[in-house]
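Below: one structure, written as C-alpha cells.
Heavy atoms only: backbone and side chains are in, while hydrogens, waters and symmetry mates are out. Residue numbers start from 1 in every chain, and the chains themselves are labelled A, B, ... in the order their sequence lines are given, proteins ahead of strands.
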Number of protein chains: 2
Amino acid sequence: MAALTDPQAAAWNSYQRMRVRLSGVLGRELAAATGLSEADFDVLVAVNERPDETVRSLALRCGLEWEKSRLSHQLRRMEQRGLITREACEEDSRGSAVRLTERGRELACQARKHYDAAVKRYVMDSLTPEQIAALTEISGILLDRIEITHR
Amino acid sequence: MAALTDPQAAAWNSYQRMRVRLSGVLGRELAAATGLSEADFDVLVAVNERPDETVRSLALRCGLEWEKSRLSHQLRRMEQRGLITREACEEDSRGSAVRLTERGRELACQARKHYDAAVKRYVMDSLTPEQIAALTEISGILLDRIEITHR
DNA sequence: CCAGATTAGTTGATGCGTCAACCTTGTCGT
DNA sequence: ACGACAAGGTTGACGCATCAACTAATCTGG
C-alpha cells in the first residue's frame, strides 16, 4: 500500500544518497582548491563566459535561473570579497551590471579546470558511455516533467 | 582540450538542472502540504521508523549521515516548534534521546504520504522500469566511487 | 586509580537560499 | 500626459549547513 514499490524506493534512496555525497565532495574540493563556493563558481563562470566586459544582473539571473534576491545577496558577498564590481546599467537605469575583477577572472579559470576535472574523476570516469547517455536522458525527462507541470 | 567531452558536459548540465529543480519542487510541495522542511522530514521519518519510544541522537546522526552540529541545530529548532522533545540518555550521560511529540508523529505520517506521492508523480511515473533500474545502478556506482576515495 | 585521549553534544559565526516588503524606474492604456 | 501596473534590484528576517571552539563524560594504558 506504499506509494513506492521496492525498486522505486531503492532508486530514490540511492539517488538521494548519491546526490548529497557528490555535491558534498565537489563543493569541498572546489573550496579547497580555490576558496570558492559553488555559488561563487556559478556566477564567475557565467560572467566569464560572456564576450562583453560587463553583464547585466538580469541576464545573469536568467542564465543561472536564480531568484533576484539570491543573486543580489550573492553579488554583494562577492563584491565584498573582491571578486566582482558592480556598475550602473546604461540601457535601463533600474538595472545593474557586473564586471569581474582581475582576481575574479583568474579564479574563474582555475576553478573551471578543477571543477571539470573533479566531475570527470568522480562521475564520467566511473560510467560507461551508455550510462552517461542514460543519465542525460533521464535528467531530460524529469526536467520536462517538471517544466510541464510548473508553467 | 576541455576536461569534459560534449556528451559528458551535456550529461552534467542536465543532471545539475534536474537536481536543482527536482529538489525545489519536492521541497516546496512538502512545505505547502505540511509546513515541514526536508530536514524536518528526514528527522521525523528517521525517528518514527524506530520501534522504540526514543532514539539516541547518535543513532540518528549515523542513520542520517549528518554532522553532529547539524543535527544539534536542527533538533533545537524542531524542539522549539514542538515537533520533538529531548531527554537525557540513560546509557551514556553525555548523550541525549529524542522523542516525537504527538504532533510530530502525525506530521511524519502525513509528510511521508505526500512526499512519496510527489516522488512517484514527478519521477517514477515519468520513467520506464529500465530507466529506474539504470538510475539505481548509476547512483550506486557513483556512491561507491566516492566511498572508495573518501575513506 | 589517574592522566591523557576520545567521544557526545552544544554553541557561535558565517555563508547560502527563500520569502515578503520595499523603492525606483520603465511601460502601457486611455 | 498621466495614472496604474509591471519589472529590476535591494533589504531584512529566517531556516539550513558547515566549521571551529568548547564542555562534559567516558575510555584506556600504565
**Prompt:** From dA20(C), dA13(D), dT10(C), pick the nucleotide closest to the side chain of His73(A)?
**Reply:** dA13(D)
**Message:** Can you tell me how the ring of Tyr15(A) sits relative to the ring of Tyr15(B), calling it parallel under 30°, perpendicular over 60° and tilted otherwise?
**Reply:** perpendicular
**Which residue lies more 5' along DNA chain C, comparing Glu91(A) with Asp40(A) via nearest heavy atoms** = Asp40(A)
**Prompt:** Rounded to the nearest Å, what distance is computed from the CG atom of residue Leu75(B) to the P atom of nucleotide dT10(C)?
**Reply:** 7 Å
**Prompt:** Hey, does the side chain of Arg86(B) come within less than 4.0 Å of dT10(C)'s phosphate (OP1/OP2), counting only N and O?
**Reply:** yes
**Request:** Rounded to the nearest angstrom, tell me the gap between atom CZ in Arg94(A) and atom C1' in dA6(D).
**Result:** 8 Å
**Message:** Rounded to whole Å, how long is the line connecting atom CH2 of Trp66(B) with atom P of dG9(C)?
**Reply:** 14 Å
**Message:** Considering every strand and a 4.0 Å limit on heavy-atom distances, what is the contact class for Glu38(A): base, sugar-phosphate, or nothing?
**Reply:** nothing
**Message:** From CD of Glu67(B) over to C1' of dT10(C), roughly how many Å is that when rounded to an integer?
**Reply:** 14 Å
**Message:** Which is more 5' along DNA chain C, the nucleotide nearest Leu58(B) or the one nearest Ser69(A)? Just name the residue.
**Reply:** Leu58(B)
**Request:** Give, for atom CZ of Arg19(B) and atom CG of Leu22(A), the distance between the pair rounded to the nearest 0.5 Å.
**Result:** 8.0 Å
**Request:** May I ask you to say what Arg76(A) touches in the nucleic acid, namely base, sugar-phosphate or nothing, with a heavy-atom cut-off under 4.0 Å?
**Result:** nothing
**Request:** Just call it for Ser72(A): base, sugar-phosphate, or nothing, with non-hydrogen atoms closer than 4.0 Å on any strand.
**Result:** base
**Asked** What nucleotide, of dT18(C), dG8(D), dC16(C), holds the atom closest to the side chain of Arg28(B)?
**Response** dT18(C)
**Prompt:** Whole-Å distance between dC16(C) C1' and Arg81(A) CZ?
**Reply:** 11 Å
**Request:** Specify the separation, in whole Å, of atom CZ of Arg70(B) and atom C1' of dG15(C).
**Result:** 15 Å
**Message:** Would you compute the distance between atom CG of Leu142(B) and atom CG of Leu127(A) and round it to the nearest 0.5 angstrom?
**Reply:** 5.0 Å
**Message:** If I take atom CD in residue Gln80(B) and atom C1' in nucleotide dG15(D), what distance separates them, rounded to the nearest angstrom?
**Reply:** 11 Å
**Asked** Atom CD of Glu79(A) to atom P of dG9(D): distance rounded to whole Å?
**Response** 14 Å
**Out of dG9(C), dG9(D), dT18(D), whichever nucleotide has its closest atom nearest the side chain of Lys68(B)** = dG9(C)
**Fill in**
Ranking dT25(C), dC16(C), dA8(C) by distance to the side chain of Arg56(B), first place goes to dA8(C)
**Asked** Out of Glu79(B), Arg77(B), Arg99(B), Arg103(B), which residue meets the side-chain contact (heavy atoms from CB on, under 4.5 Å) rule with Ile84(B)?
**Response** Glu79(B)
**Message:** Distance check, rounded to the nearest 0.5 Å: Asn48(A) atom CG versus Phe41(A) atom CZ?
**Reply:** 10.5 Å
**Request:** Choose from dA17(D), dC16(C), dT26(D) the nucleotide whose nearest atom is closest to any side-chain atom of Gln74(B).
**Result:** dA17(D)
